[in-house]
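Order of the sequence lines sets the chain letters (A, B, ...), proteins ahead of strands, with each chain counted from 1.
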Protein chains: 2
Amino acid sequence: MDTNPSDGFATLNERVYATLQADILAGRLAPGTRLVRRELAKRLEVSPIPVTEALLRLESDGLVESAPMYGARVAAVSAATMLDHLVLREAIECQAARECAANASETTLRALAEEAARIDAVMRAGADPDDRAHDQAHGALHLAIAAGGGHPGLQRELQRLWFRRQMHQAWVTATDRGLPPGWHAGLVAAIATRDPARAEAHMRFHVRWNTARHQERVEGAG
Amino acid sequence: MDTNPSDGFATLNERVYATLQADILAGRLAPGTRLVRRELAKRLEVSPIPVTEALLRLESDGLVESAPMYGARVAAVSAATMLDHLVLREAIECQAARECAANASETTLRALAEEAARIDAVMRAGADPDDRAHDQAHGALHLAIAAGGGHPGLQRELQRLWFRRQMHQAWVTATDRGLPPGWHAGLVAAIATRDPARAEAHMRFHVRWNTARHQERVEGAG
DNA sequence: CTCCCACTTTTGATATATCAATTATATCAT
DNA sequence: ATGATATAATTGATATATCAAAAGTGGGAG
């Protein structure tokens with residue numbers, strides 16, 4: 001079918017990509033679900049070609065796994081894949097904190113501090129586990145830190161990783177509770193010292209909190 | 001045309017991907033070159049579909065840039081893109097060094113040390129700037145460090161980044177000379193201390209050597 | 001001579017059709 | 001009944017065809 005110019009997608013490829021991504025991130029397509037091109041094409045009322053291309057992009061985002069002459073399925077979620085993701089996120093976010101400390105403008109730092117305080121306030125008030133707006137704001141803050149360093153590549157990588165984080169969150173009980181007060185404000189303050197090592201250390205501690213929660217869950221389930 | 005089963009590629013998509021990648025990495029396709037699907041399809045004797053898919057994958061590797069309804073071209077190489085790449089590499093490799101220090105087996109560490117010594121010896125002897133085998137071994141060592149931590153995601157990301165590194169090297173005069181003796185042996189020794197902070201610091205210094213060379217070039221060109 | 005527009009050409013996006021590999025199912029011998 | 005095998009149905013890979021956007025081109029108005 002033709003591309004509806006009013007929906008904001010330039011191509012069908014993009015529309016299919018966005019649709020499938022939303023379905024996976026929201027958990028409407030469970031990990032392991034087979035993604036059959038013709039089926040998806042029929043359901044979305046397009047030909048198999050944009051579907052194929054969208055699946056390829058989702059694969060490079062880590063949301064879909066596939067093998068030649070076998071097909072694609074929604075990527076598995078396991079303790080191992082989550083740990084893998086967290087380690088990668090630690091890499092990117094620690095570097096982002098460094099670069100942000102070194103390069104961000106004073107204006108940017110002020111804006112980050114403000115937003116961090118706002119997010120901490122919502123968290124302390126006890127955000128709903130599935131408060132989309134809050135989670136979205138939280139992600140935006142981390143992205144903004146990555147953007148603050150002025151290196152688009154870091155920002156792009158973190159964006160991709162954040163997709164996988166959202167997917168994981170659909171399949172584990174998120175535990176945002178029990179965070180120290182000023183969790184994000186402290187992080188931004190460390191960045192604002194302009195000391196890369198300090199910014200990195202603080203970010204590492206920040207990301208590792210998630211890793212620790214993850215490992216508790218794994219052991220608890222053992 | 002049909003897939004030749006003897007060439008090691010399961011699909012035409014893969015073959016086209018490998019061919020174009022090799023052409024870009026070797027500099028046979030210069031940055032900025034327009035990549036017209038039908039042309040490539042005719043030249044490679046396939047239909048436009050595998051070409052489209054291969055271009056999508058190359059785009060996610062950062063070797064190709066494209067926009068909807070505009071087409072693809074070989075990614076630009078500039079001081080900014082190179083710096084972006086180096087920052088990303090610093091992120092991944094520093095984390096890789098940490099994880100390797102924390103998780104690699106003694107056997108792995110011994111093998112890394114051996115290979116590092118070998119590479120340093122070749123470097124000290126003055127490797128040809130375009131000695132493919134040596135460059136390949138050098139890349140393999142870094143990949144092996146990333147693999148040593150036991151997190152496939154880090155390894156995959158570094159592999160992708162290394163492609164961009166190879167591309168950049170086709171367009172700048174590589175300066176492998178002037179490295180301190182034991183450049184890689186020292187790095188692996190730091191990892192073998194099992195102290196993540198120390199491993200990371202050493203790796204950061206290692207990667208930043210490239211960043212510094214890069215910035216010298218930029219200033220020199222100004 | 002320059003600028004703008006109608007027209008042609010090129011090329012990206014994608015539907016349809018076809019082939020081949022894989023998987024499911026039915027059949028048969030043991 | 002069990003397992004192997006032939007056959008049918010499914011589905012991935014990809015060639016061909018079509019449509020539409022964009023880029024290039026020539027001619028006429030100013």
Send over the distance from [X] [atom1] to [N] [atom2], rounded to a whole Å.
| X | N | atom1 | atom2 | answer |
| --- | --- | --- | --- | --- |
| B/Glu39 | D/dA23 | CD | P | 16 Å |
| B/Arg73 | D/dA23 | CZ | P | 10 Å |
| B/Ile49 | C/dA15 | CD1 | P | 11 Å |
| A/Tyr17 | C/dT14 | OH | C1' | 20 Å |
| A/Leu44 | C/dA15 | CG | C1' | 15 Å |
| B/Asn13 | D/dG12 | CG | P | 14 Å |
| B/Glu14 | D/dG12 | CD | C1' | 13 Å |
| A/Glu53 | D/dA13 | CD | P | 13 Å |

Among [options], which nucleotide sits nearest the side chain of [X]?
| X | options | result |
| --- | --- | --- |
| A/Val46 | D/dG12, C/dA15, C/dT11 | C/dA15 |
| A/Ser47 | C/dA13, C/dA15, D/dA13 | C/dA15 |
| B/Leu12 | C/dT16, C/dA15, D/dA15 | D/dA15 |

Task: Working for side-chain contact (heavy atoms from CB on, under 4.5 Å), residues A/Arg165 and A/Asn210 - done: CA-CA 11 Å; A/Arg165 175 181 179 277; A/Asn210 294 292; 5.6 Å; no
Open item on the list: For B/Met69 and A/Pro68, find the nucleotide of DNA chain D closest to each by heavy atoms; which residue's nucleotide sits nearer the 5' end?
Closed with: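 Of the two residues, A/Pro68 wins.
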Task: Pairwise 5' ranking along DNA chain C for A/Tyr70 and B/Thr52, keeping only the more 5' one - done: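 By nearest-heavy-atom nucleotide position, the 5'-most residue is B/Thr52.
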Task: B/Glu90 vs B/Arg204, salt bridge (Lys or Arg N to Asp or Glu O under 4.0 Å): CA-CA, chis, key distance, verdict - done: CA-CA 6 Å; B/Glu90 186 177 323; B/Arg204 196 174 300 281; 2.6 Å; yes
Open item on the list: Regarding A/Leu35, tell me which of base, sugar-phosphate or nothing describes its non-hydrogen contacts under 4.0 Å with the strands shown.
Closed with: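 Here A/Leu35 touches the backbone only, sparing every base.
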TODO: Answer with base, sugar-phosphate or nothing: what part of the nucleic acid does A/Arg38 contact at a heavy-atom distance below 4.0 Å?
DONE: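 Touches a base.
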Task: Spatial distance of atom CZ (B/Arg164) from atom CG (B/Asp84) [nearest 0.5 Å] - done: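 Those atoms lie 6.0 Å apart.
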TODO: Report the C-alpha separation of B/Arg118 and B/Glu115 in whole Å, then their side-chain angles, then the decisive distance to 0.1 Å, and conclude whether the salt bridge (Lys or Arg N to Asp or Glu O under 4.0 Å) test is met.
DONE: CA-CA 5 Å; B/Arg118 207 184 63 74; B/Glu115 183 61 6; 3.2 Å; yes
Open item on the list: Using a 6.0 Å distance limit plus a 45 degree cone around the ring axis, check whether A/Arg57 lies over the aromatic ring of A/Tyr17.
Closed with: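 Relative to the ring axis of A/Tyr17, which defines the angle, A/Arg57 lies inside both limits.
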TODO: Check whether any side-chain N or O of B/Arg34 sits under 4.0 Å from OP1 or OP2 of C/dT11, and answer yes or no.
DONE: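 For C/dT11, OP1/OP2 do not have a side-chain N/O of B/Arg34 under 4.0 Å.
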